[in-house]
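Please read the structure below before turning to the comments.
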Amino acid sequence: MMADIIIYHNPECGTSRNVLGLIRNAGIEPHIIEYLKTPPSRALLVQLIARAGITPRALLREKGTPYAELGLSDMALSDDALLDAMMAHPILINRPLVVSPLGVRLCRPSEAVLDLLPTPQTGAFAKEDGEPVIDAQGRRIACSGA
């Protein structure tokens, strides 16, 4: 089965790299958009947020961004104001966002991408930190913390 998957990716982000690895472990080579180099248009960002079923605030990234300096913790800020900030500073867009025939999702934690993949995992996969996610038979390993 050919699957058209798009990942809005930051190669500097471990979670984003893990998600990309899980997509590839399903035998899929996604379209990779390095969104810091090629940010989505405002219209596309609004569409992605709606399709993911989240709010602009839920897509905001705080760590390593100008979130605090811009006063984005102010709950009185409108969605438009938050979108304006994300358009001016794409680093504020949390990642990775994945688009598949099965939906759109902010894949944090990285295992969230498994619900978007139309093909099974092809073998074992461990996150960069060594945490096993998929066993040798391509089955998801239960999280010990749950």
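- Side chain of S16 to backbone of P96: no donor-acceptor contact under 3.5 angstrom is found.
- Note that the CE atom of M86 and the OG1 atom of T65 stand 11.0 Å from one another [nearest 0.5 Å].
- Hydrophobic cluster membership is shared by L45 and Y35, with clusters built from Ile, Leu, Val, Met, Phe, Trp and Tyr side chains linked at under 4.5 angstrom.
- A distance of 9.0 Å separates CG of L82 from CD1 of I49, quoted to the nearest 0.5 Å.
- The closest side-chain heavy-atom distance from I134 to L22 is below 4.5 Å.
- Here R95 contributes atom CZ and C13 contributes atom SG; the two are 4.0 Å apart, rounded to the nearest 0.5 Å.
- In this structure, K127 and S110 approach most closely via the heavy-atom pair CE-OG, 3.2 Å.
- Side-chain contact between P66 and L92 is present, with at least one heavy-atom pair separated by less than 4.5 Å.
- Of the possible polar contacts, none joining the R51 side chain to the V104 backbone as a donor-acceptor pair under 3.5 Å is found.
- Here the shortest heavy-atom pairing between I141 and P132 reads CD1-CB, 3.6 Å.
- Minimum heavy-atom separation, L117 to A26: CD1-CB, 4.0 Å.
- Between R140 and E111 there is no salt bridge, since no side-chain nitrogen of the basic residue lies less than 4.0 Å from a carboxylate oxygen of the acidic one.
- The shortest distance between side-chain heavy atoms of I5 and V99 does not fall below 4.5 Å.
- Distance alone, capped at 3.5 Å, is enough to place a donor-acceptor pair between the N18 side chain and the E128 backbone.
- Hydrophobic clustering keeps I6 apart from I28 (ILVMFWY residues linked when any side-chain heavy atoms are closer than 4.5 Å, directly or through intermediates).
- In this structure, the separation between CD1 on I7 and SG on C107 is 7.5 Å, given to the nearest 0.5 Å.
- The distance from the CG atom of L59 to the CG atom of L48 is 8.5 Å, given to the nearest 0.5 Å.
- Remark: H9 NE2 to K37 NZ distance equals 10.0 Å, nearest 0.5 Å.
- Counting only heavy atoms from C-beta outward, the side chains of Y8 and I93 never approach each other to under 4.5 Å.
- Closest heavy-atom contact between L36 and P90: CD2-C, 3.8 Å.
- Note: the hydrophobic cluster containing V113 does not contain L97 (ILVMFWY, side chain heavy atoms under 4.5 Å, direct or indirect links).
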Go through it in stages, so that I can follow the logic: the residues are R108 and R61, the test is side-chain contact (heavy atoms from CB on, under 4.5 Å), and I'd like the CA-CA distance, side-chain angles, deciding distance and then a yes or no. CA-CA 11 Å; R108 299 187 77 80; R61 180 168 178 83; 3.6 Å; yes
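- With a 4.5 Å cut-off on side-chain heavy atoms, R24 and P30 count as touching.
- Although no hydrogens or angles enter the test, the distance criterion places a donor-acceptor pair under 3.5 Å between the side chain of N25 and the main chain of G123.
- Side-chain atoms of T122 never come within 3.5 Å of backbone atoms of G27 as a donor-acceptor pair (strictly under, hydrogens ignored).
- With hydrophobic clusters built from ILVMFWY side chains whose heavy atoms lie under 4.5 angstrom apart, I54 shares a cluster with L77.
- When atom types are taken as modelled, the side chain of R57 and the backbone of L72 share a donor-acceptor pair closer than 3.5 angstrom.
- The two atoms that bring E34 and P11 nearest to each other are OE1-CG, 3.6 Å, heavy atoms only.
- A continuous path of ILVMFWY side-chain contacts below 4.5 Å connects L20 to L116, so both sit in one hydrophobic cluster.
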